[in-house]
There are 2 protein chains.
Amino acid sequence: MSKQKPEVLGRAGAAECCPTLLTAPLDEEQAAELAPVFKALGDPVRLRLLSLIASRQGGEICVCELTPAFDLSQPTVSHHLKLLRQAGLIDCERRGTWVYYWLRPEMTDRLAAILTRPATAADTAS
Amino acid sequence: MSKQKPEVLGRAGAAECCPTLLTAPLDEEQAAELAPVFKALGDPVRLRLLSLIASRQGGEICVCELTPAFDLSQPTVSHHLKLLRQAGLIDCERRGTWVYYWLRPEMTDRLAAILTRPATAADTAS
DNA sequence: AGCTTGCATCGAGAAACGTCTATACAGTCC
DNA sequence: GGACTGTATAGACGTTTCTCGATGCAAGCT
């Protein structure tokens, strides 16, 4: 008799499908899907890029603002942006001469949910 | 009594000290410190390992249970465990013949906090 | 002591990654 | 149209990563 919980996916709404890394073993498929996203975050340059993009809560930031923020060549920054985009963490749009990037919060929300464990396990119990 | 105490530094509290990737630009030092942790998560094998370890809420799991769960050689699994440990995500202890690993929730909590944004951005705005 | 088992470390080879320069493409302005 | 600016792609090269087999070390057993 397993204690069924009605709808414990409280704040972890995004996690409905993927009960969090921390509570149940991840199957191979989920791991294969998730790993590239974490890998995209596994580089200091990309972390800073994402951070620069995301903290623009207004929404978007122009590449022309991002590139000079790093001691790297323009193609290198462009490459990192591409990886972040392929990971589903950001998206972009060309608008005239410039290209603007913005965060895709669905993905960061999902990661956060996956890394969040039922805070107080005692809370859901009883 | 389902009401939480105010000092629930579960996910919100932790986010206060480390302003989260998503609200303020990360400086180089923070990025350099954080990236290796995400990098450690950026591999499907390590994600599954961490998941296997973490879902043992009781606490620990023996390496002898982890190794056969993968289609990999024993040294390879050992290598991945080492990386997870170096990232601060898990810790281990030898007990007689066997070695046991367990999760370090401080680290996953920290990552979750960093990826969690102030839910309602309008809320923090005055 | 010597054997056996569980796990870590070593060294090597193939693949992936981060960075660069050179170049191509998309728009704008004259 | 032609020149110029902003961004992406291509190709190259050194470094890191993932995996393996071989080996080493620690602990228990006979």
Side-chain angles (χ1 to χ4, degrees), chain A residues 26 28 31-53 56 59-102, chain B residues 26 28 31-53 56 59-102:
Chain A
L26 226 50
E28 281 186 63
E33 183 190 340
L34 226 44
V37 186
F38 282 115
K39 183 179 287 186
L41 295 175
D43 180 281
V45 173
R46 289 194 292 270
L47 271 185
R48 291 216 293 141
L49 275 171
L50 187 72
S51 166
L52 281 169
I53 295 169
R56 279 299 173 91
E60 327 146 326
I61 186 170
C62 176
V63 173
C64 60
E65 257 188 283
L66 291 172
T67 304
F70 296 84
D71 245 359
L72 294 170
S73 69
Q74 174 267 318
T76 297
V77 174
S78 185
H79 169 68
H80 285 303
L81 286 171
K82 184 180 185 180
L83 291 188
L84 285 172
R85 191 160 53 82
Q86 287 177 337
L89 285 160
I90 59 177
D91 207 346
C92 68
E93 183 187 25
R94 165 164 232 127
R95 210 168 302 149
T97 305
W98 295 280
V99 176
Y100 293 86
Y101 279 80
W102 59 85
Chain B
L26 227 49
E28 281 187 62
E33 183 189 341
L34 226 43
V37 187
F38 283 115
K39 183 178 289 187
L41 294 176
D43 180 281
V45 173
R46 288 194 292 270
L47 271 185
R48 291 216 295 142
L49 275 172
L50 187 71
S51 165
L52 281 169
I53 295 169
R56 279 300 173 91
E60 329 144 325
I61 185 169
C62 176
V63 173
C64 62
E65 258 189 281
L66 291 172
T67 304
F70 295 84
D71 245 0
L72 294 171
S73 70
Q74 175 267 317
T76 297
V77 174
S78 185
H79 169 68
H80 285 302
L81 286 170
K82 183 180 184 179
L83 291 188
L84 285 172
R85 191 160 55 82
Q86 286 176 337
L89 285 161
I90 59 177
D91 208 344
C92 67
E93 183 187 25
R94 163 165 234 127
R95 211 168 300 147
T97 305
W98 295 281
V99 176
Y100 293 85
Y101 279 81
W102 60 85

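In what follows, every chain begins at residue 1, and chains take the letters A, B, ... in the order their sequences are listed.
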- Closest non-hydrogen atoms of A:A40 and A:L84, given as atom of the first, atom of the second and distance, are O-CD2, 4.0 Å
- Message: Under the criterion side-chain contact (heavy atoms from CB on, under 4.5 Å), I'd like the reasoning laid out for A:R85 against A:D91: C-alpha separation, chi angles, the key distance, then a yes or no.
- Response: CA-CA 6 Å; A:R85 191 160 53 82; A:D91 207 346; 4.0 Å; yes
- Query: Roughly, in whole Å, what's the span from CD in A:E65 to P in D:dG6?
  - Reply: 13 Å
Between the protein and nucleotides 27-30 of chain D, which nitrogen or oxygen pairs are less than 3.5 angstrom apart?
none

- Message: Is it true that, when you exclude A:W98 itself, more than 12 heavy atoms of the residues, nucleotides or ligands shown sit nearer than 6.0 Å to its CH2?
- Response: no
- Item | Within residues 73-89 of chain B: residues closer than 4.0 Å to DNA chain C (heavy atoms) | B:Q74, B:P75, B:S78, B:K82
- Assign B:F70 to base, sugar-phosphate, or nothing according to its heavy-atom contacts below 4.0 angstrom with the strands shown. nothing
- May I ask you to verify if any side-chain N or O of B:K39 is less than 4.0 angstrom from the OP1 or OP2 atom of C:dC17? no
- Task: Take the protein atom OH of A:Y100 and the nucleotide atom P of C:dG27, then report the distance between them rounded to whole Å.
- Result: 14 Å
- How long is the line joining CG of B:D71 and P of D:dC18, in whole Å? 18 Å
- Message: For B:A69 versus B:R48, what's the shortest heavy-atom pair and its separation?
- Response: O-NH2, 3.7 Å
- Expressed in angstrom and rounded to an integer, what is the separation of B:L72 atom CG from D:dG21 atom P? 11 Å
- Do A:V45 and A:T76 come within less than 4.5 Å of each other through their side chains, counting heavy atoms only? no
- Query: Any side-chain N or O of B:Y101 less than 4.0 Å from the OP1 or OP2 oxygen of C:dA8?
  - Reply: yes
- Given side chains that start at C-beta, do those of A:L81 and A:I53 come closer than 4.5 Å, heavy atoms only? yes
- Item | Among B:I61, B:D43, B:V77, B:L83, the one residue meeting side-chain contact (heavy atoms from CB on, under 4.5 Å) with B:L49 | B:V77
- How do A:C92 and B:G42 order along DNA chain D: which one's closest nucleotide is nearer the 5' end? A:C92
- Task: Kindly check if the number of other-residue, nucleotide or ligand heavy atoms within 6.0 Å of CD (B:Q86) is above 12?
- Result: yes
- Task: Walk me through it: do B:L52 and B:R56 pass the test side-chain contact (heavy atoms from CB on, under 4.5 Å)?
- Result: CA-CA 7 Å; B:L52 281 169; B:R56 279 300 173 91; over 6 Å; no
- Write down the distance between CD (B:E93) and P (C:dC7), rounded to a whole number of angstrom. 14 Å
